[in-house]
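We count ligands from 1, going down the list as the structure has it; atoms in each ligand are counted the same way. By convention here, the first residue in the shown sequence is residue 1.
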Amino acid sequence: MSERHADVLLHGGTVMTPNGAERIDLACRDGLIVALGDLRDTWSAENEVDVRGLHVLPGVIDSQVHFREPGLTHKEDLEAGTRGAVLGGVTGVFEMPNTNPLTLWQADLQTKLDAAAQRAWCNYAFYIGGSGSNAEQLADLENLPGCAGVKVFMGSSFGDLLADDESVLRRILKHGRRRMAVHAEDEARLRARKALVEASGDVRQHPLWRDETSALMATERIVRLAAEVDRRLHVLHVSTTEEMTFLARHKRRVTVEITPHHLSLMAPDCYERLGSLAQMNPPVRDRRHQEALWRAIRDGVVDVVGSDHAPHTLQEKAKPYPHSPSGMTGVQTLLPLLLDHCNAGRLSLARLVDLTSAGPARIFGLEGKGRIALGFDADLTLVDLQAQRTIHNSWIASRSGWTPYDGMQVKGWPIHTLVNGRLVVRDEQLQGAPQGQMLRFLDADRRR
Ligand code: DOR
């Protein structure tokens with residue numbers, strides 16, 4: 001076979017490379033990007049795709065999803081979750097440990113890796129939960145193949161994973177070197193304030209119960225404790241002005257995630273329209289906070305956007321608040337929402353690439369991802385910035401079958417998705433069989 005024969009050749013797209021947006025062709029072979037440039041007369045391929053009019057982005061990596069397998073597969077599972085991912089243009093996910101059983105030990109991780117093999121449509125890694133029971137083993141656990149790192153819940157959200165005690169947090173932080181991901185809400189304050197919403201049963205008070213002080217207290221505390229042992233942190237789903245101001249002063253240690261729902265939904269309107277479907281932890285807050293999140297994107301304080309895809313069934317969500325569980329789907333709508341924000345002028349496409357691909361690859365030390373360049377993996381997300389679509393529940397692959405954005409019109413849409421050099425979504429339709437592989441991370445010494 002000729003040197004210049006590829007598996008897939010993408011002709012005439014606008015490719016987002018480190019140089020900027022370039023009108024070039026792109027060839028993939030054996031899962032890698034093997035040529036870039038004007039390839040029309042010099043390269044051939046099994047599969048030649050005319051992608052004129054589309055933008056080619058490095059594959060979107062969603063570094064926070066809950067796929068609920070094992071134990072809660074009536075809400076979601078790895079096949080449906082990753083199918084939604086690729087339909088939404090996502091090529092890699094980091095999955096969270098609050099499953100049943102919790103992901104605390106090597107055997108729990110292996111169960112997930114086995115379940116993902118041959119069933120995952122996109123690439124994957126899994127977090128290990130940090131708790132009092134496994135704190136001393138975390139330095140070994142976090143370096144197992146397929147582990148995305150350690151995740152700590154400082155405040156109860158969903159499931160039994162909780163580490164709110166300062167001595168336990170210290171033990172967890174001390175054992176390990178990778179960037180540790182944290183859900184920062186102060187458990188004692190949440191408990192003390194729960195009576196507020198138990199009395200009213202009013203979901204509009206969700207941001208009042210889990211208020212900005214609860215978030216700030218936990219964030220300040222974990223940054224202080226991490227500094228004692230010189231550990232790096234990743235604060236998940238930051239939702240408040242006050243945390244952003246604080247975190248901007250700690251960027252050498254701390255990376256920051258925000259979510260599409262905190263950028264796209266707003267209190268009180270979302271609670272009035274959607275009731276408990278808008279209920280998330282930390283809560284969707286008001287305009288003041290949302291504006292601070294956009295400002296933090298512009299100022300570079302934010303490193304990644306992750307969806308926090310956290311499905312529950314509509315039946316579960318229909319329980320009277322606060323018995324309704326917090327969480328909503330998000331992996332499939334992450335990119336459409338961000339593309340819509342691009343079209344509305346709130347975000348540049350270059351920054352979108354930084355937040356959804358280059359950012360996660362950089363801060364977690366992912367091998368071969370986050371960049372369209374020779375030798376990098378051919379995980380690619382092709383989007384039509386002009387396409388107008390209406391998001392519908394019927395489009396959502398999640399086993400829970402719903403999205404808070406049902407009926408919303410957006411401009412900008414994923415058209416083709418390549419995972420490991422294979423077209424798994426073509427013209428918005430799923431193709432072939434699941435091809436996802438375990439994500440690989442740079443070893444600790446090379447990791448930033
Ligand atoms: O609202 C939430 N639900 N926030 C989380 O962080 C966890 C999640 C879940 O697992 O349902």
Legend entry - Results of ring-ring contact (aromatic ring centres under 6.0 Å, His included) for Y127 - residues two or more places apart only: none
Inset, instruction - State if Q279 counts as touching ligand 1 under the rule of any non-hydrogen atom under 4.0 Å. - result: no
Inset, instruction - Please name the pair of heavy atoms, one in L423 and one in Q431, separated by the smallest distance, quoted to 0.1 Å. - result: O-NE2, 3.1 Å
Inset, instruction - Can you sort out which atoms of ligand 1 are near N98, meaning under 4.0 Å from one of its heavy atoms? - result: 9 (C), 10 (O)
Inset, instruction - Return the residue, atom name and 0.1 Å-rounded distance of the protein heavy atom closest to atom 8 (C) of ligand 1. - result: A310 CB, 3.7 Å
Legend entry - Protein heavy atom at shortest distance from atom 3 (N) of ligand 1: S326 O, 3.0 Å
Inset, instruction - Flag the pair Y271 / Y321 as yes when their ring centroid distance falls below 6.0 Å, and as no otherwise. - result: no
Legend entry - D308 neighbourhood, listing ligand 1 atoms whose heavy-atom distance to it stays under 4.0 Å: 4 (N), 5 (C), 6 (O)
Legend entry - Heavy-atom pair with the smallest gap, counting every atom of E367 and D377: O-OD2, 3.9 Å
Inset, instruction - Taking only heavy atoms of G327 into account, list the atoms of ligand 1 that are under 4.0 Å away from them. - result: 1 (O), 3 (N)
Legend entry - Nearest-0.5 Å distance that lies between atom CE in M96 and atom OG1 in T103: 10.5 Å
Inset, instruction - Within a distance under 4.0 Å of any heavy atom of H237, pick out the atoms of ligand 1 and give their elements. - result: 6 (O)
Legend entry - Residues that Y124 engages under ring-ring contact (aromatic ring centres under 6.0 Å, His included), provided they are two or more places apart: F126
Inset, instruction - Check each atom of ligand 1 against the heavy atoms of H312 and keep those under 4.0 Å away; list them by number with element. - result: 11 (O)
Legend entry - Any donor-acceptor N/O pair, E257 side chain to H237 backbone, under 3.5 Å: yes
Legend entry - F153 six-ring face occupied by K151 cation (under 6.0 Å, within 45°): yes
Inset, instruction - For ligand 1, indicate whether the residue L236 contacts it via side chain, backbone, both or neither (heavy-atom separation under 4.0 Å). - result: neither
Legend entry - For S131 against L161, the heavy-atom pair lying closest together: CB-CD1, 4.4 Å
Inset, instruction - Identify the protein heavy atom lying closest to atom 7 (C) of ligand 1, giving its residue, its atom name and the separation to 0.1 Å. - result: S157 OG, 3.3 Å
Inset, instruction - Assess R68 for proximity to ligand 1: is some non-hydrogen atom of it under 4.0 Å away? - result: yes
Inset, instruction - Provide the number and element of each atom of ligand 1 under 4.0 Å from a heavy atom of M280. - result: 1 (O)
Legend entry - Closest non-hydrogen atom pair, E76 against H309: OE2-NE2, 2.7 Å
Legend entry - Which segment of M96 sits under 4.0 Å of ligand 1 when only heavy atoms are counted: neither
Legend entry - For atom 1 (O) of ligand 1, closest protein heavy-atom neighbour: N281 N, 2.7 Å
Legend entry - Numbered atoms and elements of ligand 1 in range of H66, under 4.0 angstrom, heavy atoms: 7 (C), 10 (O)
